[in-house]
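To start, the structure itself, in C-alpha cells.
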Amino acid sequence: MLGQKHKTKADIINICKEKNVRFIRLQFTDIFGSVKNVAISMTQLEKALDNKCMFDGSSIEGFARIEESDMYLYPDLDTFQIYPWNDDNAVIARLICDVYDTSGKPFVGDPRYILRKALAYAANMGLTFNVGPECEFFLFETDKNGEPTTKTIDQGGYFELGPVDKGEIARRDICMHLEEMGFELEAAHHECAPGQHEIDFKYSEALEAADNIVTFKLAVKTIADKHNLHATFMPKPLLKCAGSGMHINMSLFREGQNIFYDENDKNGLSSIAYNFIAGIMDHIKGITAITNPLVNSYKRLVPGYEAPVYIAWSAKNRSPLVRVPASRGNSTRIELRSPDSCANPYLALALCLMAGIDGIERNLVPPKSVDGNIYKLSHDEIFAMGIESIPSSLNSALKEMKKDNLICKTLGEHIFRKYLSYKEQEWSDYRNVVSEWETRHYLKRY
C-alpha cells in the first residue's frame, strides 16, 4: 500500500539522490511496540542496504544482555518512504527493518520476526491473513511549555462537523499526509468522546498492516504537534468518557478467495470462520495481556462505555467481543473489538492469527451467538448463559497469559519471559501508588 512494491537497492539510492534526501531512519520496534531508529546520512545508505548497519541491542528494553548485544538491521526495501511533513530543508526517509543477530539469523526478540513466523505457518496452509485496523485517538491542547494537557479542543460527539469539531482541521491535515504516504483512507470522523477521533485505512496483508499501524501513529502524533496539539493513543485518558480502541478486522484468503464466506450459511459464514472465532474466544483471556498492555487499558474495558467486557460473539450487533460486520463475499471479516493502539501490532496480530488457526486445527465451535444488546443483560442472565468476562486488570491478564501455552509458543520463550517480567514490574509499581482518589475518599473518613 505504501508505494511501489519490490524496490531494489538501486531504486532507493536513485530516489534519495533525486529527492535530495539527507537522512534515513532505520526503524524497528521493541517488544512493547515503541518505535526505535538509527538515523544515518546518505553516505551510509549503501552500507545499510547491504545489511551492515549495527546497533547496541542491550540498550533496547527486552532485547539482549550486554554480553550479546551486537545486532544488525536488515532493511525491508519495500517499506522505503520519504516523510511528507519535512519542512526544514532536511528531507528525511525511513526504512522499516528486521533485526538479526551476529550469526545472520533473525533475532528471536524482534516482534516483526514473530509475525513473519506466524504468517509463514499460515502460508504453509495456503492461507493469507488480511487485517484492517480501526484506530482511535484523542487530540488535546498543550500548555505554554508545549506539554500535553487533558483539555480537549472541542465538545463534539459522533460525526460532528466544524465549528463544533475544532479538531477537524488537524484531522484533515493528518489524512492528507497519510494519503501522500500511500494510505488508502476509508473513513475519518469525530468519535463519541470530546476531542476523540478515528481514521480507518484499507485492509492489507498482516505484516504490511502492522507496519502501517506503526506509521499511522507516528504520522498522527507528528502532524498534531505541528498544530500545537498533543495526540494520544492512551486507552482511557478522560474520566466518564469512552476510551480509545483499535478494533482489528481479520479475514483469511486462499487463492484469492475469502474462505470466511459461505453463501449457504444463515450468517454467511463458513465452518472455518466459526472455527476461527472459537479459537480467538478460547485464547482471548491470555491474549489480552498483549492486546491491552497497560494498566490504563483496563479502565477502558468496563461496562457502560462501548468497549467489550464479555467473551461473546454476534453477527447482529456491536456489543460483544467478536463482531461479524454485515459485508459478505470477499469482504467477510471478523472484528475483534477489545484491543487498543498501545498494543505491539506485530505481536497482537501474530497471536490473533495463531489463535484462529488453533481453532481451525482443533475444529472448535463457538458458543451460541448473543444477538441482543449484551450490555443490557443482568449478571444473572450472563451467568445463566455461561458467558465469561475478559480480564479486568493487567495483573489478571498476565496470570491468564502464563496459563496459555499457545502464547508462549507463538511469542517464543525470549519475548514471553521478557514481556511478563517487565509488565509484572509495571503492575507492582502501579500497586504501590496511592492515588488522589484514595486520599479524597479515605483520608478524612478513616
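All values below come from the heavy atoms of this structure, side chains included, with hydrogens, waters and symmetry mates left out.
From Y83, atom OH reaches atom NE2 of H177 across 13.0 Å, with rounding to the nearest 0.5 Å. Remark: I12 CD1 to Q81 CD distance equals 11.0 Å, nearest 0.5 Å. Atoms CG and CZ, from N267 and R328 in turn, are 7.0 Å apart once rounded to the nearest 0.5 Å.
Taking a 6.0 Å sphere around CG of D143, one finds it holds more than 12 heavy atoms contributed by other residues, nucleotides or ligands. For Y72, the OH atom is loosely surrounded, since the number of other residues' heavy atoms within 6.0 Å does not exceed 12. More than 12 heavy atoms of other shown residues, nucleotides or ligands fall within 6.0 angstrom of atom CD in Q425. Within 6.0 Å of the NZ atom in K299, the count of heavy atoms belonging to other residues, nucleotides or ligands does not exceed 12. Counted within 6.0 Å of CD on E46, heavy atoms from surrounding residues, nucleotides or ligands total 12 or fewer; the atom is thus considered open.
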Evaluation steps, side chain to side chain contact (heavy atoms under 4.5 Å, CB included), between T288 and Y298: CA-CA 10 Å; T288 299; Y298 298 84; 3.4 Å; yes

How far apart are the C-alpha atoms of S393 and N395, what are their side-chain angles, what is the distance that settles it, and do they pass the side-chain hydrogen bond (donor to acceptor under 3.5 Å, both in side chains) test? CA-CA 5 Å; S393 70; N395 185 46; 5.0 Å; no

Could you check Y203 against N249 for side chain to side chain contact (heavy atoms under 4.5 Å, CB included), going step by step and ending with a plain yes or no? CA-CA 8 Å; Y203 75 89; N249 293 271; over 6 Å; no

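Checked against the 6.0 Å centroid threshold, Y74 and Y100 count as a close aromatic pair. Not less than 6.0 angstrom separates the ring centroid of F107 from the ring centroid of Y113.
A distance-only check finds no donor-acceptor pair linking the side chain of D262 to the backbone of G268 [under 3.5 Å]. A donor-acceptor pair under 3.5 Å links the side-chain atoms of N292 to the main chain of S338, judged by distance alone. One N or O on the side chain of N344 and one on the backbone of I31 form a donor-acceptor pair closer than 3.5 Å. Counting only distance, with no hydrogens or angles, the side chain of E198 and the backbone of E136 share no donor-acceptor pair below 3.5 Å. Formation of a donor-acceptor pair under 3.5 Å by the D358 side chain with backbone atoms of A355 is not found in this model. For the pair S421 (side chain) and K418 (backbone), a donor-acceptor distance under 3.5 Å is absent.
A salt bridge links R112 to D211: one of the charged nitrogens lies within less than 4.0 Å of a carboxylate oxygen. Salt bridge D98/R116: present, at least one basic N to carboxylate O contact under 4.0 Å. Taking a cutoff of 4.0 Å between a charged side-chain nitrogen and a carboxylate oxygen, E134 and R337 do not qualify as a salt bridge.
Taking the six-membered ring where tryptophan is involved, the planes of W313 and Y274 are perpendicular, since the angle between them exceeds 60° and thus also 30°. Taking the six-membered ring where tryptophan is involved, the planes of F32 and Y422 are tilted, since the angle between them lies from 30° to 60°.
Listed by first then second residue, pairs satisfying salt bridge (charged side-chain N to carboxylate O under 4.0 Å, His left out) with a partner in residues 338-354 number zero, not counting sequence neighbours.
Figure legend: cation-pi geometry between K217 and F233, with NZ or CZ positioned under 6.0 Å from the six-membered ring centre and within 45° of its axis.
If you check the side chains of Q196 and S244, you find a donor sitting under 3.5 Å from an acceptor. Remark: the D110 side chain and the Y346 side chain contain no N/O donor-acceptor pair separated by less than 3.5 Å. In this model, no donor atom of one side chain and acceptor atom of the other lie less than 3.5 Å apart for T222 and D225. Under 3.5 Å, the side chains of N14 and E18 contain no donor-acceptor pair of N or O atoms.
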